[in-house]
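Structure record follows, encoded as structure tokens.
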Amino acid sequence: MEENIYGYSLKCARIDLTKGTIKIEYLSKKFCEEYIGGYGFIAKILWDEFKPGTDALDPSVPLIWCIGPFPGTILPTSSKYGVGAKSPLTNRFGFGISSGSFGAQMRRAGWNMFIITGKAPEPSFIYIENDNINIIPCKDSLWGKDTWTTEDEIRSMFSDQRIAVAAIGPAGERLVKFACITNDRNRQVGRTGMGCVMGSKNLKAIAVKGTNSIPIYNPKKFMERAKELIKLANSSDTLKYRLHGTPVNTMNFNKLGVLPTKNFQTGYWDKAYKVSGEEMSKVWVVKKAACSQCPIACDHIVATKPDDPDWPNVFVSMDFESLFGFGPLSLVDHFPAIIKAVELCDRLGMDSISSGIITAFAMEAYEKGYITKEMLGDNPVYKNGFNWGDGKAEVQMVEDIAYRKTKCGDILAEGVRKAAKILGGEAYKFAMHGKGLEHPGYELKGLKTASIGFAVSPRGMCHLRNNAYGPDVKGDFDRLTFDKIEDRVKYIAKQDSMMAIIDSLIVCKFTRGIYKDFQEMAEVYEMVTGIQMDGKKLEMAGQRIVDLAKCFNIRECHAEGIEPISEDTLPWRHFHEPNLDGPTKGAYINEEEFKKGIIAYYIARGWDEKGYPKPETLKMRGLEFVIGKI
Amino acid sequence: MSSNSVTKFESLAESNINEKPKYKILVVDPQRCDGCETCESVCSMAHDNEFNPLNTRIHRVRIEPIINFAMNCQICDHKHCIEVCQPKALSTDEETGLLVVNDNKCDGCAACVKACPYGAIVVHTKKNKAIVCDLCRFTEKGQPQCKEYCPKDAIFLIEIDPNEKIDPIERILKIIQKGFPNIDYGKDSIIIRTPDKN
């Protein structure tokens, strides 16, 4: 182990669930400098250790849990961890990030990374207390229980209410392709189906308790800087997240005509105010809570009324991305139904973004006759079928998917891309996904820069990879045309690295405004770790990480005989069906111009016109080992 | 206690220099507290120069789904902690009312931890000595650091009358009911659930 490195614990455990063995390794300083943490570590390990073309749910595949250098410190939003693997939903690079208390506990327990392979002979969970790692069978105790109960029971089992528990629910156990991992009740490793990978390994949960202290390289300077950053994290940059939370997007987007409505048929909804952040604050919010070490506290806990006829006293944390799918996208304006649907997603362990899209897709599929009444099963809630705006049926559908209860639920549990394929015909025309990942809540027909940014994301249709909607919403670019394409793609390429670094350090994207640039991040990095860092080096690391994730995807594409460029695209609807009404009425995406934009983006990143990173680019970014392998 | 740290603590109380001495305790506004644990981390850093929320003198309490709070020594009357301490390591500082641990006598048996009804005392994981809130008077800064760093300004230093006979929990409730001074957040006010209009 190398000396004089702070922040990183460098310790990595390889846990083989088939054999029940645990091997300890140490990360090198060079590895940390080059790949920073979270996203970066996952990209490198997946490239090195994933056998191209292996099925995502094969027992041999690695499931990677890791943290960056910051957890356990008071740096705003530092207690985060990342989980990565080949995604069973997209069959491409998969990873997700969550916060709560898990990152800090993992760091205090002294671990930097877990690489989990194999499949436990029976349902089990991993309990880690400092150096001790135990694989504990739980077929009769935890298996089958929801994530909140699992968390409570593990905490009681070891008599400590502060143990961090990251668990899958019944959805993960049943290999629902977009199953998530839930920790601290309201925080999820949501996207790309990491919970499904856990389920395939018979792994119910990972629980960590750490009691070690965390020294840092320059505590005096750090404490001063942290104080400033905490203040900044409470300034106007984050007001949006603190005041009404992200659901404030509902009305803002509606005004711009980019609120995804009726499964992306349009970008405007006349009932949007009923599911707006403002209305939510007024009527439904009962408390704002924070993750460990977070000064923002975006977690808007909403609750149904004690006398709600259908779902009394349901408490859940509400975000825009959870809300839009079950709300505007499905035309459901009854807020308690949305609260219940999101609560079920969190407890049963499904990505609430994907679940919302799938529900809306199912409503359209029912309307168009692809889903029949028989497929819905005999639950009386479906007596009129599965129609737009039916909140009660929507809530039931979440449960049907999680437990694969009905034929319809079983099909939808495969994700929207596969479901459309199973339903056949022209169902693919309204399956809203990119690379198989369900579409986040931005109506891209009215956000042209974002349409490129979302399409090129390595983990599938994603709003978190390059902030591409930012300049569209702010008006820096004309959001209805593809003019100034060079400037747009340059912006996206730059933001790619910024977001990759944020996801590697790992801090919360909500704090992106409190650092001026890479240099300021590098300074904090140096104060914590003692590793020399500057803005340029950090930016280069960001470039490196994005390129490596892309190369992983290229390698998987080749294993399947697919050209990678064919995947950097949008759902059929965006190209062919203009928005029906509202401020973006008639808007659609011109496929030809869009394709030109994608190629311009490749060039801006130093890739060739087919989206392959050029050898000289790879060399410059320290990825020589990739050359000749893609 | 070194004379230096006494001076620092007096400066903290200088506003009421002409009144009879009053004790000070930390009280948290549960409406503002969001359970972020920053106070715990800062406390350990202020005293040990490293982060470890297990070695904190203020303790976050979270009861799902919506209760968030933090608690430290409430300078209670009964002082069960002192009663149960076999090596007689605990005493009260006359001037401030704060609990003082004599590290030379404390053997880390944790009897005080069990005796304290407020969960205000813990045994330090490294030093194996009882630790309890000292309002940071022995630290470099001399002022309660949790209060300094609390992102939501939820921690208040409140004067109490040492002669008043009152259960500390009732005292906290009274303080909470009385309400806390307003902090100007600009547009960003704390949201309180409003009753249904219809």
Side-chain angles (χ1 to χ4, degrees), chain A residues 72-74 76-79 101 104 107-108 148 151-152 161-162 184-186 210-216 219-220 222-223 226-227 230-231 233-236 238-239 242-244 281-297 299-301 303 305 307 313 315-317, chain B residues 30-56 59-69 119 122 124-127 140-141 145-146 148-154 183 185-198:
Chain A
T73 72
I74 59 162
T77 71
S78 62
S79 178
S101 61
R107 178 62 186 84
R108 283 197 290 276
W148 295 6
E151 182 172 86
D152 287 346
Q161 288 308 305
R162 304 283 281 262
D184 296 270
R185 287 168 77 103
N186 297 321
T211 62
N212 300 314
S213 303
I214 302 164
I216 55 175
K220 208 166 178 178
F222 174 78
M223 286 305 277
K227 202 175 189 176
I230 290 173
K231 283 242 161 69
N234 267 310
S235 66
S236 56
T238 62
L239 184 63
R242 286 177 286 126
L243 195 55
H244 299 305
S281 286
K282 231 192 289 169
V283 186
W284 306 105
V285 172
V286 287
K287 176 74 189 171
K288 295 178 194 175
C291 297
S292 181
Q293 319 301 333
C294 173
I296 299 174
D299 222 346
H300 282 60
I301 312 268
K305 309 292 178 197
D307 56 357
N313 286 318
F315 289 76
V316 76
S317 164
Chain B
Q31 206 122 58
R32 288 178 205 185
C33 177
D34 54 30
C36 74
E37 306 176 350
T38 303
C39 52
E40 297 183 333
S41 299
V42 169
C43 179
S44 61
M45 177 51 92
H47 291 83
D48 302 328
N49 218 24
E50 56 186 19
F51 292 113
N52 192 341
L54 291 167
N55 297 331
T56 175
H59 305 272
R60 185 205 69 167
V61 180
R62 173 172 278 182
I63 302 167
E64 299 285 4
I66 58 166
I67 313 277
N68 289 282
F69 193 59
V122 291
H124 195 285
T125 56
K126 280 185 172 169
K127 296 174 188 153
E140 198 193 319
K141 304 272 183 199
Q145 289 300 291
C146 51
E148 281 289 302
Y149 278 81
C150 176
K152 298 295 180 204
D153 297 314
I183 289 163
Y185 290 105
K187 278 186 288 173
D188 180 21
S189 57
I190 307 283
I191 289 168
I192 301 165
R193 186 174 183 170
T194 49
D196 247 358
K197 283 196 186 96
N198 41 357

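So that the names make sense, note that chain A is the first sequence line, chain B the second, and so on, each numbered from 1.
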**Asked** Checking B/L54 against chain A: side chain, backbone, both or neither under 4.5 Å from a heavy atom?
**Response** side chain

**Item:** Side chain, backbone, both or neither of A/K220 within contact of chain B (heavy atoms, under 4.5 Å)
**Value:** side chain

**Prompt:** Counting N and O atoms only, with roles assigned by atom type, does the side chain of B/R60 sit under 3.5 Å from a partner on the main chain of B/G35, one being a donor and the other an acceptor?
**Reply:** yes

**Asked** Which bit of A/I74 is near chain B, if near means a heavy-atom gap under 4.5 Å: side chain, backbone, both or neither?
**Response** both

**Item:** B/S44 vs B/N52, side chain to side chain donor-acceptor pair (under 3.5 Å): CA-CA, chis, key distance, verdict
**Value:** CA-CA 6 Å; B/S44 61; B/N52 192 341; over 6 Å; no

**Part of B/R62 within contact of chain A (heavy atom distance under 4.5 Å)** = side chain

**B/C33, part contacting chain A, at a heavy-atom distance under 4.5 Å** = backbone

**Request:** Could you please spell out the steps behind the side chain to side chain contact (heavy atoms under 4.5 Å, CB included) verdict for B/K141 and A/M223?
**Result:** CA-CA 12 Å; B/K141 304 272 183 199; A/M223 286 305 277; over 6 Å; no

**Asked** Hey, does A/I214 have a side-chain heavy atom less than 4.5 Å from the side chain of A/R108?
**Response** yes

**Evaluation steps, side chain to side chain contact (heavy atoms under 4.5 Å, CB included), between B/D48 and B/K126** = CA-CA 10 Å; B/D48 302 328; B/K126 280 185 172 169; over 6 Å; no

**Side-chain donor/acceptor of A/S292 to backbone N/O of B/E37, under 3.5 Å** = no

**Contacting region of B/N55 [heavy-atom separation from chain A under 4.5 Å]** = side chain

**Request:** Check whether A/N212 gets within reach of chain B through its side chain, its backbone, both or neither, counting any heavy atom under 4.5 Å.
**Result:** backbone

**Asked** Given that the side chain runs from C-beta out, which part of B/E40 has a heavy atom under 4.5 Å from chain A: side chain, backbone, both or neither?
**Response** side chain

